[in-house]
Amino acid sequence: KAAPNGCPISARAAAFDPFDDAYQQDPPDYVRWSRDDEPVFFSPRLGYWVVTRYQDIKAIFRDNITFSPSIALEKITPTGPEANAVLASYGYAMNRTLVNEDEPAHMARRRVLMAPFTPEALKEHEPMVRELARAYVDRFIDDGRADLVDQMLWEVPLTVALHFLGVPEEDMQMLRQYSIAHTINTWGRPKPEEQVRVAHAVGNFWQLAGRILDKMRQDPSGPGWMKFGIRMQAECPDVITDSYLHSMMMAVIVAAHETTANATANALKLLLQRPQAWRAVCDDPGLIPNAVEECLRHNGSVPAWRRIATRDVTVGGVDVPAGGKLLIVMASANHDPRHFDDPDRVDLLRENASDHLTFGYGAHQCMGKNLARMEMQVFLEELSRRLPHMRLREQAFSYVPNTSFRGPEHLWVEWDPSRNPEGTDP
Ligand code: HEM
């Protein structure tokens with residue numbers, strides 16, 4: 001079988017399957033062959049062109065007119081009529097947010113909504129993040145073991161995200177189920193019997209987002225990015241539409257917390273698997289800001305993102321026809337030796353660590369990147385100060401099978417509580 005441009009499909013391209021556990025476990029290793037030999041290939045299983053080298057991916061991010069982000073939140077696996085009917089029964093109408101909006105609408109909206117992301121505005125959130133991180137560590141510090149994902153890394157970023165958005169704290173466990181359903185619905189390959197269950201959860205999430213929005217509209221005063229958005233709607237209703245607010249309310253709850261929870265779990269796993277690196281962080285917290293960048297580079301939480309070609313175009317020497325969908329694997333770009341020396345090594349002092357593409361690049365680059373960085377730094381500071389003697393337990397790591405949201409579902413660590421440098425934090 002040939003690719004849409006008429007070129008033959010190699011055996012490795014034909015076998016590429018991002019829902020396979022091998023991709024989840026180590027995305028850059030899974031596509032090492034492509035980075036080396038076939039940096040742009042057509043995946044017949046996915047129906048996407050897959051791009052794996054740093055320069056090609058950066059060039060795609062840089063040109064959001066030729067490479068439109070409009071498919072960023074489209075279901076990567078089309079669902080069957082039964083699941084579609086379930087979604088329709090909830091009035092599900094996820095549409096344009098920011099991440100999947102084309103120009104000129106995108107930039108107009110992004111500008112109007114930028115103020116709460118300035119460094120000064122973000123500074124206000126740090127004390128809360130630290131307080132929460134300390135309180136959660138207090139809960140398990142005397143136990144000698146913890147699943148950091150279940151006992152800290154899921155809930156704290158979710159609380160911070162809701163606070164940042166101005167959303168009252170909702171049932172955390174329910175939101176966790178909804179978020180996972182949204183991830184599977186958008187970036188996964190649910191089996192037909194799973195599709196209906198996922199559709200109900202996504203439908204409920206959509207309706208919950210609508211209720212939260214209605215409540216906020218009654219009194220949009222006070223802090224919070226979504227409240228800010230509602231206030232801005234009064235000034236520029238053509239830019240901040242009702243559809244935008246509803247779609248964003250659902251999408252951003254996931255974008256603002258799951259990404260950060262996963263990134264922190266990935267970072268801790270990476271460091272604890274290299275006791276020397278973990279020791280270095282514990283001995284010198286000044287290393288933490290660059291360590292966060294290096295972890296985001298080496299083991300980030302958004303391994304791949306999507307674009308669609310709006311015209312015939314050549315990518316890395318391969319002709320991609322107009323309408324061609326692209327899966328751009330940032331996790332692979334981040335391990336490209338053409339840009340990063342000895343890319344598989346964890347180097348806490350790496351000078352260009354922050355060149356990673358985990359937050360995307362260009363017009364759509366993640367607006368929340370500095371909030372995420374701050375959270376990750378606080379988590380590493382608190383855990384390295386209070387549990388420098390923790391180590392990973394023997395365990396198999398599992399991931400929700402999908403292309404774009406990646407972090408271990410559990411992260412078990414253990415330590416000797418009699419050696420705690422301090423007990424419960426004062
Ligand atoms: C966009 C990753 C945390 C809000 C994006 C994009 C990526 C990404 C890959 C698309 C970039 C592109 O198309 O060029 C991440 C990662 C995070 C994180 C890895 C954590 C480690 C957050 C947080 C927030 C947030 C905490 C917010 C509160 C957004 C928004 C956009 C975005 C609003 C859309 C920007 C636009 O299209 O103009 N993020 N994100 N993200 N992210 Fe994040």
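Excluded from the calculations below are hydrogen atoms, water molecules and symmetry mates; all remaining heavy atoms, backbone and side chain alike, are included. Indexing begins at 1, ligand by ligand and atom by atom, following the structure's order. Only a predicted model underlies this, so the values are computations on that prediction, with no experimental measurement involved.
Using a 4.0 Å cutoff on heavy atoms, Gly362 does not count as a contact of ligand 1. Ligand 1 has at least one atom lying under 4.0 Å from a heavy atom of His106. Residue contacts with ligand 1 include Met330, since one or more of its heavy atoms lies under 4.0 Å from the ligand.
Side-chain atoms of Thr66 and Arg311 form a donor-acceptor pair, as typed in the model, at a separation below 3.5 Å.
Cation-pi geometry between Arg139 and Tyr136 is met: under 6.0 angstrom from the ring centre, within 45 degrees of the axis.
Every atom of ligand 1 is numbered from 1 in the order shown, and the set under 4.0 Å from a heavy atom of Ala263 is 21 (C). The distance from ligand 1 to the heavy atoms of Phe164 drops below 4.0 Å at these ligand atoms: 28 (C). Below 4.0 Å from some heavy atom of Thr358 lie the following atoms of ligand 1, by number and element: 2 (C), 9 (C), 19 (C).
Checked against the 6.0 Å centroid criterion, the rings of Phe340 and Tyr54 qualify as a close aromatic pair. You'll find the ring centres of His364 and Phe61 outside the 6.0 Å limit. Aromatic ring centroids of Phe117 and Phe164 lie under 6.0 Å apart.
Remark: side-chain polar atoms of Arg406 are paired, donor with acceptor, to backbone N or O of Gln24 under 3.5 angstrom.
At a heavy-atom cutoff of 4.0 Å, ligand 1 is contacted by the side chain of Arg307 but not by its backbone. Here His364 has heavy atoms under 4.0 Å from ligand 1 in both its backbone and its side chain.
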(request) Step by step, work out the side-chain contact (heavy atoms from CB on, under 4.5 Å) result for Leu153 and Leu268. (result) CA-CA 10 Å; Leu153 298 178; Leu268 284 163; 3.9 Å; yes
(request) Start with the C-alpha distance between Ser68 and Glu103, add both sets of side-chain angles, then the distance that settles side-chain contact (heavy atoms from CB on, under 4.5 Å), and finish with yes or no. (result) CA-CA 9 Å; Ser68 159; Glu103 304 305 345; over 6 Å; no
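The aromatic rings of Phe41 and Trp33 sit tilted relative to each other, their planes meeting at an angle between 30° and 60°. Below 30°, between 30° and 60°, or above 60°: for Trp305 and Phe405 the angle between ring planes is between 30° and 60°, a tilted geometry.
Selection from Trp305, Phe117, Phe61, Tyr361 by nearest heavy atom to atom 10 (C) of ligand 1 gives Trp305.
Ile76 pairs with exactly one of Asn402, Thr186, Ile71, Leu46 by the side chain to side chain contact (heavy atoms under 4.5 Å, CB included) rule, that one being Leu46.
When only interatomic distances are considered, the shortest N/O to N/O separation between Leu98 and ligand 1 falls below 3.5 Å.
Panel detail: atom 43 (Fe) of ligand 1 has protein N, O or S atoms under 2.8 Å away, 1 in number.
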